[in-house]
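Sequence lines set the chain letters: A, B, ... in the order given, protein chains first and strands last, and positions in each chain run from 1. Quick caveat: nothing in here was measured; it's all calculated off a predicted structure.
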Amino acid sequence: MWVFFPASQTLQPPSSFPAHFNYSTRNYQKLPIRFLALKPSVSTTKGIGDKNKLIQYLCKQGNLKEALKLLPHEPNPTQLTYELLILSCIRHDSLSDGLVVNRHLVDDGLDQDPFLATKLISMYSELDSIDDARKVFDKTTKRTIYVWNAIFRALTLAGHGIEVFDLYRQMNRFGIPSDRFTYTFVLKACVASECSVSLLQKGKEIHAHILRHGFEACVHAMTTLVDVYARFGCVSYASSVFGEMPTRNVVSWSAMIACFAKNERPFEALELFREMIAETDDSFPNSVTMISALQACGALVALEQGKLIHGFILRRGLDSILPVMSALLTMYARCGKLKLGQRVFHQMDKRDVVSWNSLISSYGIHGYGKKAIQVFKDMISHGVSPNHISFISVLGACSHAGLVLEGKMLFDSMVSEHRMYPSMEHYACLVDLLGRANQLDEAAKVIEDMRIEPGPKVWGALLGSCRIHCNVELAERACKRLFELEPRNAGNYVLLADIYAEAEMWDEVKRVKQLLEARKLQKVPGCSWIEVRKKVYSFMCVDEFNPQSEQAHALLVKLSTEMKDKGYVPQTHIVLYDLEEEEKERVLLGHSEKLAVAFGLINTKHSDTIRISKNLRLCEDCHSVTKFISKFANREIVVRDVNRFHHFQDGVCSCGDYW
DNA sequence: ATAGGGTTAG
């Protein structure tokens, strides 16, 4: 079924022009030879009557300066002349020349030409001058659908979503019908907005328009719709649109797979990926599809499937594509195979900042803080400048490894050495770094002294640290702000309740739980995955649907009795309910990662490493149980929680109980 | 003449 393509056959993008530049040479090739033979100097041009053609020629030669010198001497420039001048301004990335061309165009009375208006709008859009684009649009009275589409596209690219909808309303009022291009631009405007108002409702309205006007078979419009719903996190809307598409292509499939991968549904992402391979002949996965699939493998710790995809990548010659290789490296690292990730990195013949960042965070999640810092420095000495994610990665690595001093120095170097101002995310990393290391007061002080208004991520980092070190007073302070900033985030309530429970403040636990119920919020259920023989099995906390978990649960009960004889003490204080001890122990045994571990013990060979991933942070009890099991069952167990890796072997965890 | 999906993070 797999077709072999050598690497040399893969298409490379043209190097000299920006990707958006329309470098069609259609007209160029039609030029008579005598013009091509002309030298583009002003002295030769004087004898030529047809200056129009000469200006056009100069534009195609990339000699915009000379062309602009000639322009005032040409009494009747044609549409084509101006089109080429405009394209040339884009190619030279010169707004000032663009404005000159625009002025001449107005003087020559061509400003009502809708074709040229379209070109001008897209020129200003490319040159990042949305105000000029808008001026052209406002002055154009003959607005063809091209003109409308151009302004929609320009506004969307500039992030002015709201303006798009004002104009779109006008267009509808004028009775101008949308075409398939209009829908894609206007849909994208829903997610391209600088304002915080949710434009999901707008997206749904346009969805209705599309169906009402018979565009449900337009692959582009429907694919955009899938993507827009995905970006709003509306996975079920996205998948129902996808499901009803009469025809799909590789982009539609990729959009849907990416939707699952990006919205914490990696299981479905891989399922769809498999379906894509099995059911479609003409839309086989390409590099973009592979990247999303790799992301899903990483999220699930599905190493076997990840290796399979690595094979596809090699066979299809996609191994020279940087983003693919970075995704591959990340997949291996996230599956606990740091060495394989390193190997991918070293085999890359070119590396960009993303490749370096991937390696930095790979060391980070494995707890190798010093190594991550070293790679960060190597990156700089190789002439690659760190970006904001490089700092998040390296600060995160310091945090996992408890490298407080080093982390603080790196944070300070952002401004002093790299002239980058820390964003909310960077402050959150710093707070996490200090808080995790039990320097909670200093963490709180960082928040006080921030030069931007502290947002939920920063307060959330503080709250997380309060959970680890059981600091009720500071937690309450963080929650006061968090409940204002993000009242719908159930996780904050749960953390606070956890802290109260640990402090045995049962009345407060009850109060927080009532708050959760009153606001109709639900805590995210704990969920763990394990891959056995290339199939991924998922376990939910208190899982009634999975027949496998009954067997796993029985094994756990047996193990826990044995472990108790050998010194295991159930960490019942973390149970949020005020129950009898025995009941609490039962609750603890129902945790999804324990079920997954037990399932792994039953269904894999003794020599196999058990690999598990979990959607939440690993709880203390599961951590100590897994340590016990690794010793008594003599098994290597790797668990990846939301934050990092835990390699359990012989009763010890690689995190050194610091996580 | 204009269009759709992707990489690194806590």
Side-chain angles (χ1 to χ4, degrees), chain A residues 20 22 24 26 79 83 86-87 114-119 121-122 125 144-154 156 179-188 218-228 230-231 248-259 261-262 283 285-295 298 321-331 333-334 352-362 364-365 386-397 399-400 423-433 436 457-458 460-461 464 617 642-644:
Chain A
H20 54 255
N22 179 359
S24 154
R26 187 170 48 89
Q79 194 192 50
E83 182 192 358
I86 291 168
L87 288 178
F115 175 84
L116 288 176
T118 307
K119 291 288 168 197
I121 291 169
S122 58
S125 170
T144 60
I145 192 66
Y146 288 102
V147 176
W148 286 100
N149 287 346
I151 193 66
F152 291 146
R153 176 173 181 269
T156 297
D179 68 3
R180 60 215 161 104
F181 294 93
T182 319
Y183 289 120
T184 59
F185 295 135
V186 180
L187 274 173
K188 276 187 154 289
C218 172
V219 185
H220 280 87
M222 296 312 267
T223 304
T224 313
L225 198 51
V226 169
D227 184 53
V228 167
R231 282 173 207 267
R248 306 176 188 126
N249 60 21
V250 62
V251 183
S252 336
W253 284 92
S254 303
M256 193 60 227
I257 291 168
C259 170
K262 282 231 151 64
S283 50
N286 62 14
S287 67
V288 178
T289 331
M290 300 289 185
I291 288 167
S292 291
L294 286 170
Q295 246 186 322
I321 298 173
L322 275 182
V324 172
M325 295 320 269
S326 298
L328 189 64
L329 146 58
T330 304
M331 182 279 292
R334 285 168 64 84
D352 62 3
V353 67
V354 179
S355 340
W356 286 97
N357 290 351
S358 305
L359 188 64
I360 292 169
S361 55
S362 300
I365 53 174
N387 63 9
H388 65 118
I389 293 174
S390 315
F391 278 101
I392 292 171
S393 309
V394 75
L395 288 171
S399 183
H400 291 313
S423 71
M424 195 68 75
E425 274 108 336
H426 299 110
Y427 280 112
C429 288
L430 185 62
V431 169
D432 182 73
L433 172 79
R436 224 178 259 274
K457 283 189 176 163
V458 178
R617 181 181 170 274
V642 260
N643 293 323
R644 60 164 297 155

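Among B:dG4, B:dA1, B:dG6, the nucleotide with an atom closest to any side-chain atom of A:Thr223 is B:dG4. For A:Thr118, taking side-chain heavy atoms from C-beta onward, the closest of the listed nucleotides B:dT8, B:dT7, B:dA1 is B:dA1. Picking from B:dG6, B:dG5, B:dT2 the nucleotide with the shortest atom distance to the side chain of A:Arg153 gives B:dT2. Checking B:dG10, B:dT8, B:dT7 against the side-chain heavy atoms of A:Asp432 singles out B:dG10 as nearest. Comparing atom distances between the A:Asp227 side chain and each of B:dA9, B:dG5, B:dT2 picks out B:dG5 as nearest.
Between the side chain of A:His220 and the backbone N or O of A:Phe181, no donor-acceptor pair lies under 3.5 Å. One N or O on the side chain of A:Asn286 and one on the backbone of A:Thr289 form a donor-acceptor pair closer than 3.5 Å. A side-chain donor-acceptor contact under 3.5 Å links A:His426 to the backbone of A:Ser423.
Proximity of A:Ser361 to the phosphate of B:dA9: a side-chain N or O atom is located under 4.0 Å from OP1 or OP2. Contact annotation: A:Lys262 side-chain N/O to B:dT7 OP1/OP2 distance is under 4.0 Å. Residue A:Gln295 places no side-chain N or O under 4.0 Å from the OP1 or OP2 atom of B:dG6.
No side-chain donor from either of A:Asp227 and A:Thr224 sits under 3.5 Å from a side-chain acceptor of the other. Between A:Ser361 and A:Ser393, the side chains place no donor N or O within less than 3.5 Å of an acceptor N or O (distance only, hydrogens not considered).
Per the geometry, CG belonging to A:Asp352 stands 8 Å off C1' belonging to B:dT7, to the nearest Å. Between the P atom of B:dG10 and the NE2 atom of A:His400 lies a distance of 5 Å, rounded to the nearest Å. When rounded to the nearest whole Å, the span between CG of A:Asn249 and P of B:dG6 equals 14 Å. Between A:Tyr183 atom OH and B:dT2 atom P the separation is 21 Å, expressed in whole Å. Atom CD1 in A:Ile389 sits about 6 Å away from atom C1' in B:dA9, given to the nearest Å. The separation between A:Leu329 atom CG and B:dA9 atom C1' is 14 Å, rounded to whole Å. The CE atom of A:Met424 sits 14 Å away from the C1' atom of B:dG10 (whole-angstrom rounding). With rounding to whole Å, A:Trp253 atom CH2 is found 16 Å from B:dG4 atom C1'.
Nucleic acid contact for A:Thr289: base, since at least one base atom lies under 4.0 Å from a heavy atom of the residue. The residue A:Val219 sits close to a base: some heavy atom pair falls under 4.0 Å. Using a 4.0 Å heavy-atom distance criterion, A:Ala258 is classed as a sugar-phosphate-only contact. Within the nucleic acid shown, A:Thr224 comes within 4.0 Å of sugar-phosphate atoms alone, with no base atom in reach, counting heavy atoms only. Within 4.0 Å (heavy atoms only), A:Lys188 reaches sugar-phosphate atoms of the nucleic acid but no base atom. As judged by a 4.0 angstrom heavy-atom cut-off over every strand, A:Arg231 is placed among residues touching the sugar-phosphate backbone only. Residue contacts shown for A:Val250 include a base, since a base heavy atom lies under 4.0 Å away. Among the protein residues, A:Asn149 comes within range of the nucleic acid bases, having at least one heavy atom under 4.0 Å from a base atom.
Under 3.5 Å, the side chain of A:Asn286 and the base of B:dG5 form at least one donor-acceptor pair of N or O atoms.
Contacts of A:Trp253 classified as ring-ring contact (aromatic ring centres under 6.0 Å, His included), with partners at least two apart in sequence or in another chain: A:Phe242.
Between the side-chain ring of A:Phe185 and the base of B:dA3, no stacking contact exists by the 5.5 Å and 30° definition.
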